[in-house]
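Not measured: the values here are computed from a predicted model. Worth knowing before you read on, the calculation uses all heavy atoms, side chains too, and leaves out hydrogens, waters and symmetry mates. The first residue in the sequence is number 1, and the count goes up from there.
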Amino acid sequence: MTSDPIPAPTPFAKAFLVLDILLGGLMMILLAAVSWQVTTRYVFGDPAGWTEELAAFAMMWCGLLGAAAAYRRGAHVGVDVLTTRLSPA
């Protein structure tokens with residue numbers, strides 16, 4: 001039985017961890033803001049005005065930071081039609 005060596009952490013490992021935690025927090029803020037907005041609008045009949053802007057800003061930041069996190073993991077959407085058609089194969 002051989003044990004694989006533990007890989008050394010990358011220099012940006014802590015930054016990536018902070019990014020993942022920040023994205024999770026933003027998603028929870030987005031969920032809470034939208035839930036509160038729906039509750040105040042349909043249950044109480046008086047929608048809270050601040051929830052729409054908070055949800056919009058949280059969604060924008062989730063999109064931007066989420067794209068960076070997806071690119072780091074190699075999960076970002078890529079279109080390679082031109083490179084595959086023009087490659088010398």
Side-chain angles (χ1 to χ4, degrees):
M1 178 173 171
T2 62
S3 63
D4 295 331
I6 298 173
T10 62
F12 295 109
K14 288 183 182 180
F16 293 146
L17 179 64
V18 169
L19 177 64
D20 290 340
I21 292 170
L22 183 64
L23 280 168
L26 280 172
M27 289 298 287
M28 286 190 289
I29 289 171
L30 179 62
L31 177 68
V34 171
S35 297
W36 184 250
Q37 183 177 19
V38 169
T39 302
T40 57
R41 177 171 293 171
Y42 293 112
V43 174
F44 302 126
D46 186 26
W50 56 270
T51 56
E52 187 172 347
E53 289 189 27
L54 179 63
F57 280 114
M59 188 176 357
M60 285 186 274
W61 278 105
C62 280
L64 293 171
L65 294 175
Y71 182 76
R72 173 180 52 98
R73 290 188 176 106
H76 207 281
V77 175
V79 180
D80 59 353
V81 174
L82 285 176
T83 56
T84 56
R85 295 211 179 198
L86 297 177
S87 65

For M28, does the CE atom have more than 12 heavy-atom neighbours from other residues, nucleotides or ligands under 6.0 Å away? no
Linked hydrophobic residues, V18 as query - side chain contacts closer than 4.5 Å: none
Kindly write out the residues that satisfy side chain to side chain contact (heavy atoms under 4.5 Å, CB included) with L17, not counting sequence neighbours, or none if the list is empty. I21
With ILVMFWY side chains joined below 4.5 Å, transitively, what does F12's cluster contain besides itself? F16
With sequence neighbours left out, which residue pairs that include part of residues 24-34 fulfil the side chain to side chain donor-acceptor pair (under 3.5 Å) condition? none
Sequence neighbours excluded, every pair satisfying side chain to side chain donor-acceptor pair (under 3.5 Å) that has a member inside residues 43-56: none
Can you pull out every side chain to side chain donor-acceptor pair (under 3.5 Å) where at least one residue sits in residues 19-43? Sequence neighbours excluded, please. D20-R72, D20-R73
Could you give all pairs that pass the salt bridge (Lys or Arg N to Asp or Glu O under 4.0 Å) test and reach residues 26-40, with sequence neighbours left out? none
In the hydrophobic cluster built from side-chain contacts under 4.5 Å, what are the other members alongside L23? L19, L22, L26, W61, L65
Specify the closest pair of heavy atoms between V34 and A55, including all atoms of both residues, with the distance to one decimal. CG2-CB, 3.9 Å
Restricting to pairs with a member in residues 61-71, which pass salt bridge (Lys or Arg N to Asp or Glu O under 4.0 Å), not counting sequence neighbours? none
